[in-house]
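To find a chain, count down the sequence lines: A is the first, B the second, and so on, and within it residues start at 1.
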Amino acid sequence: MNLDNLNNKQLEAVTSIGQPNLIFAGAGSGKTRVLTYKIAYLIKDVGLPPENILAVTFTNKAAQEMKLRVQELLDFDISSISIGTFHSISAQLLRKEIHHLGMLNNFIIYDQPDSISVIKSSIKDLGLDIKQFEPKTFKNHISQLKNKLISYEQAEILADDFLSQKVAEVYKIYQNQLSENSALDFDDLLLKPLELFKTMPNILKKYQNKYNYVLVDEYQDTNKPQFEFIYSLAQNHREICVVGDDDQSIYGWRGADISNILNFSDAFGESKIFKLEQNYRSTQNILDAAYFVISKNSNRADKKIWTQNKKGEPIYIVENLNDSIEADKILSLISENTSKGEYDFNDIVILYRTNAQSRIIEDRLRRQGIPYHIIGGVKFYERKEIKDILAYLRLISNLSDNVSLLRILNFPVRGIGKTSIEKIIKYSKEIGDSIFSVLNNIDNVNIGISQKKTIKIFVDKINEIHNTIDSIDVVDLVKKVIHEFKIKEHYDRQNTSDSNERWQNIEEFINGIIEYNDEKEEANLVKFLEEVSLLTDIDKWNDEVKQVTLMTIHSSKGLEFPIVFISGLEEGLFPISQYLDQNDELEEERRLFYVGATRAMEKLYLSYSKLRRRFGAEIMPMLVSRFITELPEENIQYIKSDYESRKMNIISKDISYKVGQLVQHSLFGKGKIVEVQGEGNESKVSVIFHGNIRKKLIAKYANLKIVYE
DNA sequence: CTTAAATACTTTTTT
DNA sequence: AGTATTTAAG
């Protein structure tokens, strides 16, 4: 096949087979190109059938794109290839095999909120106070244990203090609950295949034989279970190629283990190592700035990516008085860039450290009528109204899913209150059966007659739809649920702007299902639910639509935009406060900045506010982030926000400081000016305060008030 | 049992 | 400021 599009290094990496490949690929060095060409090369020139290739990407969207691009390079059908995220590949495998572990193949995947609700009830079961023992914290602890491949039995043995003991106890109950509900959480999705490989060697062999070549993208962000997964598959033939960049490792907090990439050769044996260092994405200025910040990390192998691209515009530093002015300023900069037709809205991304920062920017975008799209935050499928519908579908697909059942037992309200539900749960625990089967024989539970009547109707409807599962398509199924359980009526009755919006979201959800049903040949409920659980906002994102994109820096990994704004560059926000004096974590923040900056192709704006509102009330004074102050002067240019310069003009006209004037300072109190340098707001003023303390202050920061006698 | 009002809590990042 | 949870009134 034609490999002319590759540079020498890329070409070598693409055609290297016969031993493990480790490719260090700097930001923008064309690693996606290498991976797609390598897959195409394996199929066309090496003659490997597509179904024998496994390629793991970081998002489903990246997987889709990779598949498309490989297909473009080849003239025959490659749809049998396995390209996907670790989670989706594992889920597919488990749908075929998990019955060997005694679970149902139509298991449900619990997302974070689902898991937390199970953990919450587990904590309550132990008689602990959920205010003192936060479900979210327990979820994190359990998740960390799972990422270290520690079972609850081992956790119980290892527990050496009160908290870890309790964590182990909750872990055990939680895990039992999951299996009773036929549910897996995100971590289990990675762990169950390993369990399967361990207990059923013939199944391991089957997949080892199937996947003759394994490729992994974003390898620096793989965790232990993910490593074990690919190691199990590739350890014998050692036909594996991983691509990553240790400078872009930003998921340490999720258990990603940077030693996976650094010790690759130790694990897989003698390997061929490639380094892609030419960047095709960004201007020289952007790369210089990114390099200056990342080079402050001590725990890294020094390397510098280079480019033949032009120097480009300076990095713009935007200082603002507060967060809402920051949002205004970002908007005016967007208009400045788009008004001449030079850039479109979809050339622009606004990045931030925390999702909460998006709201104020979103607010301005909406007011200005600029089209935008937010990725992350509260995900579409996590909205209450969508989860309610999903809960119906999940219950219908898997009657043992207690979490979903409890969610909808009294939604829309049908007169089954707290006391009845508690009695039902208690009874189900006593007889050790699922809640739905208790409802099936509701006469055994001591609750009110009208409640029993309603439950019987509810159960009959669920059973009826459950029985039609294989005979009607997903769209009709959803419509039937909405009709039978009078969901639309529920929102119509409220008729508030909120309820109308919720109903609109449900309509969008229905449209999504119609689309899904048209696209996929073997669409069915179980597959649809799986896709919904594993699909993220990025996966659904259409970058052709002309709208500004907002997302966290974490979400931006692997993407590129002509114009990038990084907002909220303040000490305590980015880098985030908990990490200001913890070196490992600070280094990860630094890598995060590096990732954000290297998303930019042409222009990079870094903005910060001197005051930031937190929790709606308190306004915190902020210091500019070290990531800005560390940048070399020759690469940057300062921009003052409009409001700021306007305000300064007013002040500098009105106020002039003179020697001998009395002034008031918020901290030092009353004082007398003894020296003035410069004019107006920019002037430096020396003041002697009470107690003969002499201070030299810059007027615009000191906020001195003139005292008239 | 339901609804509305009061109050508590949030902000690290995600498959 | 916005959302989730708890409490009080109906």
Next item on the list: Mark yes or no: A/Lys557 above the aromatic ring of A/Tyr251, with NZ or CZ under 6.0 Å from the six-membered ring centre and no more than 45 degrees from the axis.
Entry: no
Check: Taking the six-membered ring of A/Phe107, is the NZ or CZ of A/Arg95 close enough (under 6.0 Å from the centre) and on axis enough (within 45°)?
Finding: yes
Pair [X] + [Y]: basic N to acidic O under 4.0 Å:
X	Y	answer
A/Lys192	A/Asp188	no
A/Asp114	A/Arg394	yes
A/Glu326	A/Lys329	no

Checklist line | Qualifying residues under side-chain hydrogen bond (donor to acceptor under 3.5 Å, both in side chains), relative to A/Trp503, sequence neighbours excluded | finding: A/Glu507
Next item on the list: In whole angstrom, give the distance that lies between atom CD1 of A/Ile375 and atom C1' of B/dT15.
Entry: 15 Å
Note to self: Whole angstroms only, please: what is the NZ-C1' distance between A/Lys557 and B/dT15?
What the structure shows: 11 Å
Margin query: Checking A/Ile457 against A/Arg414 for the side-chain contact (heavy atoms from CB on, under 4.5 Å) test, could you report, in this order, the C-alpha distance in whole Å, the side-chain angles of both residues, the deciding distance, and whether it holds?
Written below: CA-CA 11 Å; A/Ile457 296 170; A/Arg414 49 173 74 88; over 6 Å; no
Notebook entry, point to check: Has A/Trp253 got its ring stacked on B/dT13, by the test of a centre gap below 5.5 Å and a plane angle below 30°?
Noted result: yes
Check: Looking at the side chain of A/Thr552, which of B/dT11, B/dT15, B/dT13 is the nearest nucleotide?
Finding: B/dT13
Notebook entry, point to check: Any idea which of B/dT13, B/dC1, C/dG2 is nearest the A/Thr419 side chain?
Noted result: B/dC1
Item checked: Contact list for DNA chain B against residues 360-368 of chain A - heavy-atom distance below 4.0 Å -> none
Note to self: Using a 4.0 Å heavy-atom cut-off to protein, can you give one letter per nucleotide of nucleotides 2-10 of chain B, 5' to 3': B if the base is in contact, S if only the sugar-phosphate is, - if neither?
What the structure shows: SS------B
